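Structure first, then comments.
Since the model is a prediction, treat every value here as computed from it, not as a measurement. Below, all heavy atoms of this structure are taken into account, side chains as well, without hydrogens, waters or symmetry copies.
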Amino acid sequence: MFGGDEKLESIYKEVTDRNPGEAEFHQAVGEVLSSLSPVFAKYPEFCDYKIIERLCEPDRQIIFRVLWEDEKGELHINRGFRVQFNNALGPYKGGLRFHPSVYLGTVKFLGFEQIFKNALTGMPLGGAKGGSDFDPHGKTDREIMNFCRRFMTELYQYLGDETDVPAGDIGVGSREIGYLFGQYKRLTHRFEAGVITGKRLNWGGSKVRTEATGYGLVYLMDEMLKDHKKSFDGMKVTISGSGNVAIYAAEKVIQLGGKVIAMSDSNGVIHDESGINVETIKQIKEVERKRIKEYAKFHETAAYYDGGNIWKIETDIALPCATENEITGRDAETLVKNGVIAVGEGANMPTTFEGIKVFLDAGILFAPAKAANAGGVATSALEMVQNGRHDVWTFEYTDKRLKEIMKDIYKNCSGTAEEYGKPGNLIMGANVAAFIKVATAMVDQGIV
Ligand code: NDP
């Protein structure tokens with residue numbers, strides 16, 4: 001796994017032994033370590049300072065009970081998490097996920113990834129993640145509010161605009177951010193806008209934050225395609241999921257001349273060779289909060305496949321934007337056989353180890369999540385800047401800043417891959433560039 005590097009093998013073994021049963025965390029650590037052998041040859045001080053070992057052990061892991069009441073007066077108990085991983089570059093920063101599958105291993109994999117993603121944005125951000133096994137599906141607004149208030153009642157003491165700044169993720173959008181912020185304000189008596197990002201525009205949110213992860217993904221992919229004398233124009237694009245990231249990735253792909261032919265949710269897939277209408281998806285998912293199968297009722301050219309596998313559909317570009325490990329080795333083989341030319345990870349760690357190997361072996365252009373979906377957190381940092389200055393930027397200016405950041409991330413990752421002898425390998429480029437940035441700051445700040 002680590003090219004025979006015994007030091008890395010033994011660190012990885014220690015991580016897996018110390019954190020049993022946390023498969024996604026092991027996977028995320030393994031993926032970063034697999035790029036680092038040449039870095040240690042060049043920077044031996046990183047070994048002396050035990051940088052990797054320190055990065056693999058979060059600064060703080062907070063686990064708490066959340067007791068809340070539904071509309072019928074029945075009590076429910078969920079588990080809340082916040083893992084503050086590393087603050088060498090700035091305050092802890094990373095989203096909150098509400099999904100029944102969330103456990104400590106999910107939060108640790110996401111928090112670990114977040115350290116490096118945040119470093120790549122060039123903004124002063126540390127890495128963290130949080131969430132709960134609470135399932136927002138089918139809950140009323142009042143129940144969501146009750147849950148968010150109880151969640152924040154426990155968490156608020158660990159947060160602050162210079163300490164730890166959460167945001168959204170799966171199951172947490174602007175509605176939940178509003179309820180969380182409301183309770184933070186009530187408990188602290190402070191309108192501390194920079195304590196949370198993803199706020200609505202009328203009370204401290206940033207323009208483009210809603211669109212940022214999806215748009216940013218497509219901006220980075222566009223840079224990568226252009227670098228290989230290609231573009232989105234006329235390309236068939238398949239996008240898994242139909243949440244925040246997927247919807248705005250689809251919108252930007254269409255603006256750049258691509259055709260989105262399939263999208264999904266956790267129940268099924270819609271396929272429309274004439275091109276999916278993103279406004280209908282927004283209405284169904286963002287306004288009505290219904291299932292994606294509704295789409296076929298409005299568009300005769302669309303077919304709905306209950307439980308279908310989106311990766312079986314022939315496409316030029318695949319953008320996984322739903323969840324982790326959604327592209328298996330077999331899915332990757334199918335995509336390659338069907339002629340895919342590029343894959344961009346909008347979700348966090350959506351491709352398995354086996355899938356990545358298939359893509360790299362086949363010479364597919366591959367943009368890993370750390371780089372490709374960093375636009376969301378980068379725009380969160382822009383939201384924090386505006387909050388700190390009590391300022392409000394225009395959509396055009398904020399979008400321009402996002403585009404520049406995504407271009408810089410691409411250049412940084414592809415330049416680093418080349419420098420370390422793996423041209424075109426953005427996984428290597430992203431891991432190495434981000435790791436060196438964080439590690440250097442940790443050495444500068446001493447043994448703390
Ligand atoms: P949303 O909750 O808005 O949407 C998630 C989408 O993925 C929904 O369509 C959901 O379907 C689907 N999905 C979720 N879990 C599963 C599953 N286990 N199997 C199949 N489909 C699933 O989340 P986001 O769009 O915000 O997040 C999507 C991904 O992007 C995540 O990996 C997240 O960590 C990552 N990300 C998000 C950022 C952001 O700014 N929002 C920033 C960076 C990364 P259903 O409605 O049926 O559950």
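Defined by atom type and a distance below 3.5 Å, a donor-acceptor pair is present between the side-chain atoms of D331 and T328. Judged purely by distance below 3.5 Å, without hydrogens or angles, the side chains of Q386 and S206 pair a donor atom with an acceptor atom. A side-chain donor-acceptor contact under 3.5 Å links Q84 and D164. Using modelled atom types and a 3.5 Å distance limit, the side chains of D265 and S242 yield no donor-acceptor pair.
Smallest separation of non-hydrogen atoms from A88 and M442: CB-CG, 3.7 Å. Residues A167 and T197 approach most closely at CB-OG1, 3.2 Å, considering heavy atoms. For the residue pair V172 and L96, the shortest heavy atom distance occurs at CG2-O, 3.2 Å. For the residue pair N338 and K312, the shortest heavy atom distance occurs at ND2-O, 3.5 Å. The nearest pair of heavy atoms linking V66 to G80 is CG2-N, 4.0 Å.
Side-chain contact check for T440 versus F46: some heavy-atom pair is nearer than 4.5 Å. L33 is listed as a side-chain neighbour of L36, based on a closest heavy-atom distance under 4.5 Å. Counting heavy atoms from C-beta outward, N78 and F98 have side chains that stay 4.5 Å or more apart.
Note on E176 versus R97: no salt bridge recorded, every NZ/NE/NH1/NH2 to OD/OE distance being 4.0 Å or above. Salt bridge annotation for K236-E314: absent, with no cationic side-chain nitrogen under 4.0 angstrom from a carboxylate oxygen. The pair E404-K400 meets the salt-bridge criterion, with a side-chain N (NZ, NE, NH1 or NH2) lying under 4.0 Å from an Asp/Glu carboxylate O. Between K293 and D306 there is no salt bridge, since no side-chain N of the basic residue sits under 4.0 Å from a carboxylate O of the acidic one. Salt bridge E333/R330: absent, no basic N to carboxylate O contact under 4.0 Å. For K252 and D222, the salt-bridge test fails: no basic side-chain N is under 4.0 Å from an acidic carboxylate O.
Only one option out of L225, V253, L365 pairs with I317 in a side chain to side chain contact (heavy atoms under 4.5 Å, CB included); it is L225. The side chain to side chain contact (heavy atoms under 4.5 Å, CB included) with L55 is formed by just one residue from the set V32, V29, V438; it is V438.
In this structure, N348 contributes its side chain and E113 its backbone to no donor-acceptor pair below 3.5 Å. Side-chain atoms of Q114 never come within 3.5 Å of backbone atoms of G127 as a donor-acceptor pair (strictly under, hydrogens ignored). A donor-acceptor pair is defined here as one N or O able to donate and one able to accept, closer than 3.5 Å; no such pair exists between the side chain of T323 and the backbone of P350. In terms of modelled atom types and a separation under 3.5 Å, the side chain of R175 and the main chain of D141 share no donor-acceptor contact. Side-chain atoms of R209 come within 3.5 Å of backbone atoms of G376 as a donor-acceptor pair (strictly under, hydrogens ignored). A donor-acceptor pair under 3.5 Å links the side-chain atoms of K199 to the main chain of A193, judged by distance alone.
Residue C413 holds its SG atom at 12.0 Å from CE of M428, rounded to the nearest 0.5 Å. Once rounded to the nearest 0.5 Å, the distance linking CZ of F353 with CG of N325 reads 9.5 Å. S231 OG to L256 CG: the interatomic distance, rounded to the nearest 0.5 Å, is 8.5 Å. Remark: L335 CG to T238 OG1 distance equals 7.5 Å, nearest 0.5 Å.
Note: Y12 and H26 have perpendicular aromatic rings, judged against thresholds of 30 and 60 degrees for the angle between ring planes. Under the 30°/60° scheme for interplanar angles, the aromatic rings of Y295 and H299 are found to lie parallel. By the 30° and 60° cut-offs, the orientation of the rings of Y219 relative to Y215 is perpendicular.
The number of heavy-atom neighbours closer than 6.0 Å to CD of E418, taken from other residues, nucleotides and ligands shown, is 12 or below. Enclosure of atom CZ in R79 is not indicated, since only 12 or fewer non-hydrogen atoms of other residues, nucleotides or ligands lie within 6.0 angstrom. Residue K230 places its NZ atom among 12 or fewer non-hydrogen atoms of other residues, nucleotides or ligands, all under 6.0 Å distant.
By the 6.0 Å and 45° rule, K139 stacks over the aromatic ring of F134.
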